[in-house]
Amino acid sequence: MTATPPLLLVDGSSYLYRAYHALPPLTTAAGEPTGAMRGVVMMLRNLVERFAPSHAAVVFDASGPTFRDALYPDYKAHRPPMPDDLRAQVEPLHAMVRALGLPLLAVPGVEADDVIGTLARDAAARGLAVVVATGDKDLAQLVDARITLLDTMKRNGEESVYDRAGVLAKFGVPPEAIVDLLALMGDSVDNIPGLPGVGPKTAARWLAEYGSLDALVANAGAIKGKAGDTLRAHLGQLPLARALATIRCDVPLEVGFDGLAYHGPERPALLALYRRYEFNSLLRELEAAPAPAPVAVDAAGGEAAAGDAVAVDATPADPPAKVRDYDVVVTAAAFAGWLARLEAAALFAFDTETTSLDYMQAEIVGVSFAVEPHRAAYVPLAHVYPAAPEQLDRAEVLAALRPLLEDPARAKVGQHLKYDWHVLRNHGVALAGIAHDTMLESYVLDSTATRHDMDSLAARYLGETTIHYEQVAGKGAKQIGFEQVPIDAAGEYAAEDADVTLRLHQALWPRLEAEPRLAALYRELEIPLVPVLARMEDAGVRIDPALLRRQSGEIAQRLLGLERQAHGLAGQPFNLGSPKQLQAILFDQLGLPVKKKTPTGQPSTDEEVLEELAAEFELPRVILEHRSLSKLRGTYTDKLPALVNPRTGRVHTSYHQAVASTGRLSSSDPNLQNIPVRTEEGRRIRQAFVAPPGTRIVAADYSQIELRIMAHLSGDERLRAAFAQGEDVHRATAAEVFGVPLERVGTDQRRAAKAINFGLIYGMSAFGLARQLGIGRGAAQEYVERYFARYPGVKAFMDRTRGEAAERGYVETVFGRRLYLPDIRSKNPARRAAAERTAINAPMQGTAADVIKRAMLAVDAWLQGGGAAARMIMQVHDELVFEVAADAVEAFVPRVRELMSAAAALSVPLDVDVGVGDNWEEAH
DNA sequence: TGTCTGGCGTAC
DNA sequence: GACGTACGCCAGACAT
């Protein structure tokens, strides 16, 4: 940050659209749309806090035509009118911007970009630093030594800052060539024609080579190839395209620089607006803030590091000291006081601090609590750094807390409580009464958000920057265990965690309650699943490390042989594991034909390409075998033994409940959901997942669950009948598509039908099907058409789903789980098509996830009630794996089949295949 | 030495 | 551009 506060220019229009498409369509209780407003207000608030600008402007497009329409009648001709639920937010947003104290500009006849350009250049000429906040890359042309571009609110929640070097890195050309770049590329959103087939890469390459559009045009005759022809054919349109892309920096403005002074928010107006549009967390924050809010912040941030305990890396943008009241509890009396508060509370937030992120090893270092906003306590219990002060005894404190923590009737809220469940379990405390988990609240509200960690949620829903773990414990090599963090810093951090968790819950829960189906999913499925998953993780699975090591050894031998063979064929040694080196050998040295390219333009060496080349050449065959074996060794046979917990002799995965946007679980460290099964070689790894003496492995998987769900969702009579009659669905599909009797279906026909069935679930096109089956596009198209003719209900379902997604902006599972699809209305056809495929797939994949989660609850309840001497140890999307006492297996199998089949009442039966064995491979 | 990205491959 | 959802390996580039 510069010493002098910068001029902050915000492209209000671009952010408004971005927020509208990126954020959930929130409304007030009365149904008025507010999501986009809220997104923009949050962003403005963060920008002001961060840059502490002395002058600022938020610029919007004015209504009516601009000079560009006069230049080019088709300008923005394809842009649909503003959606009603966005238009409704424009006026309220303007009011909020004004109440925030930010000068607002909307100048008729020009666009927001032109106003920003004019203001930016003017300020830069005065020697001021300028920050332009926008989602529109066209503004990159303004960047210079004083003007920087800031792109916040990206899909992944990160931001990008573009100075001159940044623009060059991002676009491949410097700011002054951006206009030329845009003229060549065109802009489909604005309907500016570019050169057909010329994208950012080609355009940047040309400009890098010739320096400017003028020089390129002058040398157009010298450009070779198809692109050169294209260029020569379209020379005439370039001047207009450039004029349209050029931002004007000479717009006459009524307001002068002094008129852009920023004096801070107008509190009463802002309070009224927040209240009117139900921005409750912002409202509470503003109400809690001392009035009037301090505006002038020393931009150099001199005082920031002087804070008492917290600041390891405090930035000037950290919120000013709020009314926060955090205790560090080190006396029996203080602890007794907090215990009493917890006992009196209807709900309390708690959090544990530990020695390790590995839930099986973590020991408690301290615990924190909150029962009301902004008031929290940290109880340090095992800090061990030199001269650490006296702390309460860990065992005694946990014993005192035990009745509360183990009481299912005492409601607790936490962030990712599954972890705390494990940590307490390590100290013999059985956590019960998990009433709420903010991570899951956030996930159920919007599963497409990339992160549901507390820091992200605090920023998103409270607009607050929290103390990050790295700030107190360091990171990388310098990271220390939490037990070594000084108690003062630990207290601020840990107490804040409990406080923020509580306040997040207060912000999130009303939103969930406002959506009854989501609330039910959260309350009845996700929350009860927490202890079930914790128990599965805690159980782990026994593996046979000696077997895996033997396999590693064998594979190593074979790899050596293959490597020698490959080097011989290549005529030189090279690293078979390096796609880059392999690419050089195959395509440069040996001159093999390039079959396809990677997204970065390199010749691909993936399996499909190598298979194709292997028909003619020997080396690719050797590489393929080497690849598959080194994958097995590197990912599985070498790694799994290292992950065996020495205490339990088993591997304990982590199931992630808030990662997959469709509602599935995911698994890591190790990932038990991608253990090989398709090849003979791979399946040997499953032999190392063994049943301990006296037990057996039982694997139960849903048969064709996603296709069954498709039958249910579509209601297609023919497909439902196939399942109802227990037919082999791929065979039945083949009979329909190829018009032959069931018993006459050939293997290739069944294989094709299977590919069609899977393709449908994934939204595959005829093109993809053709590639999958190695047939012509016409033939693939014909298959698809015959399929839809025979299963018209499926066709109707897909059309309906796409339409509904476009209309509502999200799709739902049978149980009401929601997945937002902001790209469904994208003007970019590729993004829109991808969103449509997700729209088709998500209800099926997500419903399957809901179903197996329900099954897990049912089976767990049965087992916890003493139903059988068995424990559930793994979940692999459509499969549950159990470790069952040998003498209990016979009774177990039919019961688990029954519970899983009954997990959902669909209009088709849910069949479950169950296998038993001494290891996972045998149980299939 | 650590961190990030690209290319690739495993599962359902 | 063309098949959805994940996790994780290795190589290589680059920052520390």
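Naming convention: chains lettered A, B, ... in sequence-line order (proteins, then strands); numbering from 1 in each chain.
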[X] near the nucleic acid: base, sugar-phosphate alone, or nothing, with a heavy-atom cut-off under 4.0 Å?
| X | result |
| --- | --- |
| A:E879 | nothing |
| A:R837 | sugar-phosphate |
| A:K631 | base |
| A:R678 | base |
| A:I761 | nothing |

In this structure, are over 12 heavy atoms from other groups packed under 6.0 Å from A:K596 atom NZ?
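Count over threshold, so yes.
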Extract, from 5' to 3' on DNA chain B, the first and final nucleotides lying under 4.0 angstrom from some heavy atom of chain A.
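Range of nucleotides touched by chain A: B:dT3 to B:dC12.
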Closest listed nucleotide, where the reference is the side chain of A:T662 and the choices are C:dG8, C:dT5, C:dG4:
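Nearest to the side chain of A:T662 among the choices is C:dT5.
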Run the salt-bridge test on A:E608 and A:R771 with the 4.0 Å N-O cut-off and return the result as yes or no.
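A salt bridge links A:E608 with A:R771.
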Got a salt bridge between A:R549 and A:D638, using NZ or NE/NH1/NH2 to carboxylate O under 4.0 Å?
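Salt bridge between A:R549 and A:D638, a charged N being under 4.0 Å from a carboxylate O: no.
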N/O to N/O distances under 3.5 Å, protein versus nucleotides 14-16 of chain C:
none

Distance between C1' atoms of C:dC3 and B:dT5 (Å, rounded)
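Comparing C1' positions in C:dC3 and B:dT5 gives a spacing of 23 Å.
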